[in-house]
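To keep things clear, I will list the structure first and then write my remarks on it.
Residue numbering restarts at 1 for every chain, and letters A, B, ... go by the order of the sequence lines. Treat the numbers as computed from the prediction; the structure is a model and nothing was measured.
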Amino acid sequence: MNFNQKITSLHLDVLKEIGNIGAAHGATALSDLLNKKIDMQVPKVEMVTFEHMMELAGGSETVVVGVFLRIEGDIEGSMFFILPIEQANRFIRRLIHDETFDFYKTPVSELALSAMQEMGNILSGSYLSALSDFTKLKIYPTVPGLSVDMFGAIISTGLIELSQVSDHVIVINTSIFEEDIALDEAVHGHFFLLPDPDSFATIFKVLGVS
Amino acid sequence: MLVSNTIVKVGIAQMDVVKAPHTIRTSGLGSCVGVVIYDETKQIAGLIHVMLPDSSLGKVDATNVAKFADTGIKALLDLLKAEGVQTFKLKAKIAGGAQMFQFTSDKSSMRIGPRNVEAVKNELSKYKIPLIAEDTGGNSGRTIEFNPVTSMLNIRTVNRGVSEI
């Protein structure tokens, strides 16, 4: 499907539903993992410029923990689970029972990195298997990679495929946060799903809105 | 009279030119390459944030020339020439081209960092612009800022601190 083709509100609803189902399962998995209530916002589906993409998690220089994997199979694309450092610290402290743990203190322990990697693995796996169940599409995720670095450097990895055909990206963005933390203090994590351009037609077709 | 210094910010797949005392910066370079082309005597510098090596990778008509190494460096040279610099006086410094994630995927786009660096170097040599310094490769993101007064490129990383080349 050509990016210039008009995306209707029905198309957007379908993509939102994908974000909803995927992230809901991811958030449930996280909640189980941490034994903590995790809430999520209604997914946003946006067509944005690359520059705007950099602002979606606080700016290109913001240091985040990023888990990235490629999706292969019936559809292709990139998937990110992005956590602000503060949020990642809280989750990992809880997971490895070490209140002193801090991603800012390098070198980060192998145990913490491994825990983070596994968390990313479980969450993105839940997201994508829910998506696969819902669409009946074969979805094969690659083993996730982990990086603690600037958001811009991390997310641009997922823009390379798209940048060959467009200066814009359609991003399915679902933010998650801890439920029992005051909303103004809550730091949001994000699931970003960036389908490759050719995959939109497939998604719309199987969900009957082509 | 006091001249206040401005930092001109260049976004991903964008470019711009500054004159001293202003500096120019781009942030969050991963596999992308930041290319600074400058004239020491005139204290003018151009910066481009390159995403892809070659405009032939563009599967539709490219609207944004700054996205690619080949079309971008040419366009940046045009901008610099419009400021009155002569190509033979220009020098370059580059940074970026990292691989942020270690993958076994055979997708060529996953090894884009080194290819971007190579393409940038080819373009620079095509225009006979000497590459004075580089900080490329590895697996760290970089934020770079160039000062046309000192011709120094400041590089900030999350894990390896700050350096100047």
Side-chain angles (χ1 to χ4, degrees), chain A residues 2-4 49-55 57-72 76 78 80 85 103-104 106-108 117 120 140-169 196-198, chain B residues 9-14 25-34 49-68 96-113 115-116 138-145 156-161:
Chain A
N2 192 315
F3 255 43
N4 299 329
T49 61
F50 298 142
E51 195 53 29
H52 188 163
M53 182 80 215
M54 299 301 162
E55 302 307 317
S60 61
E61 263 192 282
T62 307
V63 182
V64 298
V65 175
V67 176
F68 166 58
L69 56 86
R70 281 287 300 169
I71 300 163
E72 288 156 14
E76 294 188 305
S78 297
F80 290 88
I85 295 288
F103 269 109
Y104 278 122
T106 49
V108 174
Q117 183 115 26
Y140 307 113
T142 63
V143 175
L146 176 73
S147 178
V148 183
D149 214 306
M150 301 173 190
F151 177 64
I154 287 176
I155 203 76
S156 58
T157 311
L159 300 178
I160 296 303
E161 278 298 315
L162 291 150
S163 67
Q164 296 173 19
V165 293
S166 177
D167 292 325
H168 290 80
V169 49
D196 286 357
D198 292 343
Chain B
K9 288 177 183 161
V10 176
I12 185 168
Q14 291 174 4
R25 97 197 291 253
T26 193
S27 60
L29 288 163
S31 61
C32 300
V33 177
H49 187 135
V50 168
M51 273 187 101
L52 292 167
D54 189 340
S55 57
S56 69
L57 281 173
K59 291 166 190 160
V60 289
D61 291 339
T63 47
N64 180 7
V65 289
K67 192 159 56 176
F68 306 100
Q99 186 176 353
M100 299 304 296
F101 296 91
Q102 306 305 315
F103 269 110
T104 49
S105 169
D106 54 358
K107 272 267 182 211
S108 60
S109 60
M110 293 301 110
R111 295 187 304 274
I112 203 80
R115 287 170 57 209
N116 278 336
N139 50 19
S140 295
R142 296 168 171 92
T143 285
I144 61 171
E145 185 172 332
R156 196 176 74 76
T157 61
V158 173
N159 302 311
R160 296 182 300 136

query = Which heavy atom of A/Ile154 sits nearest a heavy atom of B/Phe101, and at what distance?
reply = CG2-CZ, 3.7 Å
ask   = So which of B/Ser140, B/Ala98, B/Gly96, B/Ala13 has the biggest tally of heavy-atom pairs under 4.5 Å with chain A?
value = B/Ser140
key: For B/Asn64 against A/Asp167, the heavy-atom pair lying closest together   = CB-OD2, 3.4 Å
query = So what's closer than 4.5 Å to chain A heavy atoms on B/Thr26: side chain, backbone, both or neither?
reply = neither
key: chain B contact via A/Leu146 - which portion, at a heavy-atom distance below 4.5 Å   = backbone
remark   = Of all heavy-atom pairs linking A/Ala153 and B/Met100, the shortest is O-CG, 3.3 Å
query = For B/Ile12 and A/Ser156, which heavy atoms make the closest approach, and how far apart are they?
reply = CD1-CB, 4.0 Å
ask   = Taking atom NZ of B/Lys67 and atom OG of A/Ser166, what is their separation to the nearest 0.5 Å?
value = 6.5 Å
query = CD of A/Glu51 to NE2 of B/His49: how many Å apart, nearest 0.5 Å?
reply = 8.5 Å
task = Grab the two heavy atoms, one from A/Met150 and one from B/Arg156, that are nearest each other, plus how far apart they are.
result = CE-O, 3.4 Å
Contact summary for B/Gly141 and A/Asp149, nearest pair of heavy atoms = N-OD2, 2.9 Å
query = About how many Å separate OG1 of A/Thr49 and CD of B/Gln14, when rounded to the nearest 0.5 Å?
reply = 8.0 Å
